[in-house]
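Notes follow once the structure below has been shown.
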Amino acid sequence: MRTSMRTHACGELRESHDGEQVALCGWVAHRRDHGGVTFIDLRDREGVVQVVFHPSEAPDAHAAAQRLGAEDVVRVTGVVRARPAGMINAALPTGAVEVTAAGLEILAEAETPPFQIEDFTEANEMLRLKYRYLDLRRPEMTKRLRLRHDVSRITRDHLDARGFVEVETPILTRSTPEGARDFLVPSRLSNGSFYALPQSPQQLKQLLMVAGQDRYYQIVRCFRDEDLRADRQFEFTQLDIEMSFIQEEDIVELIEPLMVRLLKELRGVDVAAPFPRLTYAEMMERFGSDKPDLRYGMELVDLGGVFAATGFNAFSGVLGSGGRIKALCAPGGGQLSRKELDGLVQDTKGRGAAGLVWMVVEQNELRSPVAKFLSAEELEAIVDHTNAKVGDLILIVADKADRVAVALDGLRRSLAVRLGLIPSDTWAFCWQTDPPLFEWSEEESKWVSVHHLFTAPKDPENLDPATATARGYDLVLNGFELGGGSIRIHQAEVQRRVCEILGLEPAEIDEKFGHLIEALRYGAPPHGGVAFGWDRVVMLLADQEAITEVIAFPKTQSGADPLTGAPAPVSDRQLRDLGIRLSEQPKAP
Ligand code: ASP
């Protein structure tokens with residue numbers, strides 16, 4: 001870290017530097033005046049070191065040091081001294097030494113910052129983002145930026161060693177469908193026409209395969225105009241990968257060792273590979289989710305058989321209309337209060353299910369508001385099927401299959417937290433395989449792609465939207481989807497047929513995807529790929545719950561950047577150049 005202004009970084013000094021003359025540059029983290037001596041903690045990106053100013057040894061420097069304020073930028077010259085045994089600060093990596101100052105130069109004075117530059121901060125998000133350059137000075141933020149760099153560095157190394165070439169693709173491009181709204185950029189040269197910012201480089205990476213480039217990757221910014229939330233920003237980063245002449249297995253063989261290496265090198269954790277693989281159908285049946293958290297049990301149990309001939313109308317009605325009755329058993333959940341149980345019922349209704357039946361397993365009975373409507377055999381069979389023990393809580397949802405899944409998945413996740421069932425520092429990866437190719441969208445009243453429309457069907461002869469399976473896969477970690485991909489369609493006719501099933505008119509297919517379909521006619525290799533939500537991967541490795549904690553300059557929930565003031569109105573002149581006239585006054589974000 002030597003430069004023409006310093007010999008070392010502050011955080012770099014250790015006992016081995018004892019006696020060395022050093023010059024350090026950094027920010028004043030704290031100043032203390034003690035028995036006539038002035039101490040400052042000097043901070044730079046690498047850490048903090050204590051500097052001592054003695055009035056007798058360096059009177060000028062000592063006098064200047066007494067006037068230092070927090071966040072002033074200084075250059076200190078002096079000598080490194082090992083601290084006596086009793087004075088070592090074990091909490092600080094530099095705690096075995098201090099620097100006795102001979103000279104002090106003030107490089108820049110700082111105004112009092114709006115919040116203290118310390119790991120624990122009470123500053124709210126707005127303030128942290130408005131003064132992000134101060135927020136990023138906090139050691140934990142500095143550490144996260146470094147972690148993010150390390151994740152990408154290890155990944156680049158892994159991919160480079162396997163023959164992958166990083167290729168940049170344009171930001172100004174044409175819409176590629178990933179299911180979100182596009183960000184549009186008006187064209188100045190062709191007024192009335194727009195570029196779309198890429199939701200992903202999907203078509204371009206496929207074209208690179210047609211171009212014979214064989215193994216592509218890119219750590220790339222993608223843009224989706226969707227409502228922001230804890231793990232979603234307008235612009236986010238993907239690790240984007242595409243390979244030729246492969247099958248699903250090749251993706252697994254590429255990615256598993258990468259994940260194992262990231263965990264080992266960045267967290268010191270050994271993760272076992274191969275990761276479990278579960279089909280989409282199995283995930284939905286056992287967990288009610290296509291991204292199950294496998295760190296704990298509470299698998300869903302089908303109670304359809306138990307209630308096949310039930311006299312309880314609520315249940316027989318659901319079975320009669322083709323619905324499902326499923327349950328989960330929360331170990332130790334019997335401790336929840338009546339109020340908490342009522343809260344679970346409300347949550348379940350909030351997730352769209354008709355209701356929730358709870359049963360607490362007691363010594364000689366099942367305590368439940370519906371127990372009186374069920375026969376002794378049914379009650380016994382419920383305990384039997386769910387494998388419940390005294391003190392457990394059984395939760396039953398009866399409704400349409402998809403609502404049952406959503407409700408029980410939500411209950412499973414929230415109870416795992418509430419009952420403390422999640423083991424710490426556990427990294428449960430799994431692959432989801434064999435998803436459906438299409439799903440029916442109630443909202444749009446048509447079939448839509450589950451992944452995207454370039455995904456190959458398992459059987460090119462079966463494109464029946466109700467039954468076709470896709471050659472897709474997702475990687476799931478601790479209940480989060482880290483990423484997903486698929487083997488692609490590489491035959492022009494199949495691509496066209498899939499477009500038709502999705503309800504695209506021939507002219508629309510030509511207009512939107514003509515270039516890709518044409519490329520597939522010029523010799524397209526079988527190919528496939530995958531993309532990972534890089535912010536999310538770093539977030540999990542950093543033990544964070546929001547991706548904004550691992551992005552240098554994120555936006556607020558309303559999509560604003562309090563630091564620069566974006567988005568902002570533009571001048572009439574700029575609008576004129578773009579051929580745009582506003583129909584309303586600009587709105588504040
Ligand atoms: N482009 C896809 C996505 O962004 C990933 C892939 O299929 O490779 O989700």
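Atoms within a ligand are numbered from 1 in the order they appear, just like the ligands themselves.
In the vicinity of His452, heavy-atom distances shorter than 4.0 Å reach the ligand 1 atoms 2 (C), 6 (C), 7 (O). Close approach to Gly485 involves these atoms of ligand 1, each under 4.0 Å from a residue heavy atom: 6 (C), 7 (O). Listed by atom number, the atoms of ligand 1 under 4.0 Å from Val530 heavy atoms are 8 (O). Below 4.0 Å from some heavy atom of Lys205 lie the following atoms of ligand 1, by number and element: 6 (C), 8 (O). Ligand 1 places these atoms under 4.0 Å from at least one heavy atom of Ser200: 1 (N), 4 (O). Close approach of ligand 1 to Gly484 is summarised as follows: ligand atoms under 4.0 Å from at least one heavy atom of the residue are 5 (C), 6 (C), 8 (O).
At distances below 3.5 Å, at least one donor-acceptor pair connects side-chain atoms of Glu256 with backbone N or O atoms of Phe275. No donor-acceptor distance shorter than 3.5 angstrom exists from the side chain of Arg295 to the backbone of Ile422, with no hydrogens or angles considered. Of the possible donor and acceptor atoms, one in the side chain of Ser289 sits under 3.5 Å from a partner among the backbone N and O of Lys291.
At under 3.5 Å, not a single nitrogen or oxygen of Glu242, backbone or side chain, sits near a nitrogen or oxygen of ligand 1. Considering backbone and side-chain N/O atoms, His451 comes within less than 3.5 Å of an N/O atom of ligand 1. Considering backbone and side-chain atoms alike, Gln199 places every N or O at 3.5 Å or more from each N or O of ligand 1.
Annotation: the span from Ile154 atom CD1 to Arg261 atom CZ amounts to 6.0 Å, rounded to 0.5 Å.
Judged by the shortest distance from any of its heavy atoms, Arg224 lies inside the 4.0 Å radius around the atoms of ligand 1.
The aromatic ring centroids of Phe223 and Phe234 lie 6.0 Å or more from each other.
By the criterion of a heavy-atom distance under 4.0 Å, the side chain of Arg488, and not its backbone, is placed next to ligand 1. Of all the heavy atoms of Gln206, none lies under 4.0 Å from any atom of ligand 1, so neither backbone nor side chain is involved.
Taking the charged nitrogens against the carboxylate oxygens, Arg174 and Glu511 do have a contact shorter than 4.0 Å, which makes a salt bridge. One finds no salt bridge joining Arg412 and Glu299 here, because no Lys/Arg side-chain nitrogen approaches an Asp/Glu carboxylate oxygen to under 4.0 Å.
The protein non-hydrogen atom at the shortest distance from atom 9 (O) of ligand 1 is Glu178 OE1, 3.7 Å. Atom 4 (O) of ligand 1 has as its closest protein heavy atom Gln238 NE2, 2.9 Å.
Contact of the Leu239 side chain with the Tyr217 side chain is registered, since non-hydrogen atoms from C-beta on lie closer than 4.5 Å.
The number of heavy-atom neighbours closer than 6.0 Å to CD of Gln247, taken from other residues, nucleotides and ligands shown, is 12 or below.
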